[in-house]
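The structure appears below as structure tokens.
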Amino acid sequence: MYSFRLSDQKIMKTFSVYGISFCFSDDDFEEFVGFDIVDTLRYDEKLLDKMTNK
């Protein structure tokens, strides 16, 4: 799984589509925190590795 965060806020709700979970810090899906790529088979892992700090 790959996680990309814009802030350290606690995640209250998620919305998942196409193997990506979008994370929000409120119940109304308005305060976007970041996203997790859960289904790595759908996406180029070499590209994802370049975008992360490993």
Partner residues of [X] under the side chain to side chain donor-acceptor pair (under 3.5 Å) criterion, sequence neighbours left out:
X	answer
D39	R42
T40	none
E31	none

Going only through I, L, V, M, F, W and Y residues with side-chain contacts under 4.5 Å, is there a path from [X] to [Y]?
X	Y	answer
I11	F4	no
L6	I37	yes
I20	M12	no

Can you tell me which residue pairs pass the salt bridge (charged side-chain N to carboxylate O under 4.0 Å, His left out) test with a partner in residues 2-21, sequence neighbours excluded?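 For residues 2-21, and leaving out neighbouring residues, the salt bridge (charged side-chain N to carboxylate O under 4.0 Å, His left out) pairs sorted by first residue read R5-D36.
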For L41, the rest of its hydrophobic cluster, which grows through side-chain links under 4.5 angstrom: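 L41 clusters with nothing; isolated.
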Output all residues satisfying ring pair (Phe, Tyr, Trp, His ring centres under 6.0 Å) with F15, sequence neighbours left out; order by chain, then residue number.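 Testing F15 for ring pair (Phe, Tyr, Trp, His ring centres under 6.0 Å), a comparison that skips the adjacent residues, returns none.
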Mind checking what makes ring pair (Phe, Tyr, Trp, His ring centres under 6.0 Å) contact with F24, not counting sequence neighbours?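 Checked F24 against ring pair (Phe, Tyr, Trp, His ring centres under 6.0 Å); matches are F29, F32.
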Within this structure, what is the CZ-SG distance for the pair F35 and C23, rounded to the nearest 0.5 Å?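 F35 CZ to C23 SG: 9.5 Å, rounded to 0.5 Å.
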Side-chain contact, heavy-atom cut-off 4.5 Å: M1 with V38?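 Yes. Closest side-chain heavy atoms under 4.5 Å.
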